[in-house]
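Structure record follows, encoded as structure tokens.
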Amino acid sequence: MNKPAWICKKFDELTVVELYEIMKLRSEVFVVEQNCVYLDADDKDLQAYHLFTYIEKKMAAYARLLAPTISYKEASIGRVLTSPSYRKNGLGVLLMQKAINKTFEIYNTTEIKIGAQLYLQKFYEGLGFIQTSNEYDEDGIPHIEMILR
């Protein structure tokens with residue numbers, strides 16, 4: 001896979017088409033694929049940076065970067081996803097590495113906290129995150145909190 005070009009924009013810098021593609025991909029993965037009925041548009045998008053890349057003119061990966069105090073006292077990364085069409089080729093690792101670097105850079109912070117789906121614990125541990133909470137249910141999916149220092 002060629003090295004993807006990453007785009008990182010504040011909410012008000014997104015084009016209408018980019019916003020549509022972000023919301024469409026988030027719905028495809030979180031609502032349809034994972035069968036979670038929840039309000040995805042939670043107002044945090046308005047305060048976030050949005051990191052994404054395209055492959056063959058299709059949005060392939062996305063993450064939302066949040067400043068400290070929006071979700072947790074620490075900066076956070078959420079809504080992390082890779083399009084089903086582009087999985088199993090390392091794109092998720094590239095996405096998280098870029099998200100981590102951008103979060104540290106943008107928010108000038110030393111800690112990033114995430115609410116991770118439990119089945120992805122080893123994936124996030126491979127990136128340096130450590131578990132900081134007991135398992136909890138979020139929208140019918142087991143999660144844990146993790147932190148990177």
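FYI, the numbering just counts along the sequence from 1. Just so it is clear, the model here is predicted, and its values are computed rather than measured.
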Checklist entry - Going through the checks in order, is the side chain to side chain contact (heavy atoms under 4.5 Å, CB included) test met by Leu25 and Ser83? => result CA-CA 7 Å; Leu25 187 55; Ser83 168; 3.8 Å; yes

Checklist entry - Where the side chain of Tyr119 meets the backbone of Ile141, is there a donor-acceptor pair that is under 3.5 Å apart? => result no

Item to check | Expected output: side-chain Thr82 to main-chain Ala61 donor-acceptor under 3.5 Å | outcome: no

Next on the checklist: Run the side chain to side chain contact (heavy atoms under 4.5 Å, CB included) test on Phe11 and Gln47 for me, step by step, so that the C-alpha distance in whole Å, both residues' side-chain angles and the decisive distance to 0.1 Å come before the verdict.
Outcome noted: CA-CA 7 Å; Phe11 180 83; Gln47 305 169 72; over 6 Å; no

Checklist outcome for this item: Only one of Leu94, Leu95, Ile7, Leu91 passes side chain to side chain contact (heavy atoms under 4.5 Å, CB included) with Thr53, and that residue is Leu91

Item to check | Heavy-atom neighbours of Asp137 CG exceed 12 at 6.0 Å | outcome: yes

Checklist entry - Are a donor atom and an acceptor atom from the side chains of Thr132 and Lys113 found within less than 3.5 Å of each other? => result no

Checklist outcome for this item: Here the gap from Met96 atom CE to Leu51 atom CG, rounded to the nearest 0.5 Å, amounts to 10.0 Å

Next on the checklist: Could you go through Met146 and Gln121, starting from their C-alpha distance and side-chain angles, then the distance that decides it, and tell me whether this counts as side chain to side chain contact (heavy atoms under 4.5 Å, CB included)?
Outcome noted: CA-CA 9 Å; Met146 302 184 82; Gln121 180 176 0; 4.1 Å; yes

Next on the checklist: If the condition is ring-ring contact (aromatic ring centres under 6.0 Å, His included), which residues does Tyr54 pass it with, not counting sequence neighbours?
Outcome noted: Phe52

Item to check | Phe129 CZ to Ile144 CD1 distance, which is reported to the nearest 0.5 Å | outcome: 11.0 Å

Item to check | Glu21 vs Lys24, salt bridge (charged side-chain N to carboxylate O under 4.0 Å, His left out): CA-CA, chis, key distance, verdict | outcome: CA-CA 5 Å; Glu21 290 171 341; Lys24 179 181 175 189; over 6 Å; no

Checklist entry - Any chance OH of Tyr20 has more than 12 other-residue heavy atoms, nucleotides or ligands included, within less than 6.0 Å? => result no

Checklist outcome for this item: Rounding to 0.5 Å, atoms NE2 (His143) and CG (Asn134) come to a distance of 15.0 Å

Next on the checklist: Starting from Ile112, can I reach Leu127 by hopping between I/L/V/M/F/W/Y residues whose side chains sit under 4.5 Å apart?
Outcome noted: yes

Next on the checklist: Using the rule given for side chain to side chain contact (heavy atoms under 4.5 Å, CB included), can you reason through Tyr86 versus Glu56, listing the C-alpha separation, both sets of side-chain angles and the distance that settles it, and then say yes or no?
Outcome noted: CA-CA 11 Å; Tyr86 299 104; Glu56 299 165 350; 3.6 Å; yes

Next on the checklist: Name the residue from Lys10, Arg26, Lys9 that meets the salt bridge (Lys or Arg N to Asp or Glu O under 4.0 Å) definition with Asp45.
Outcome noted: Arg26

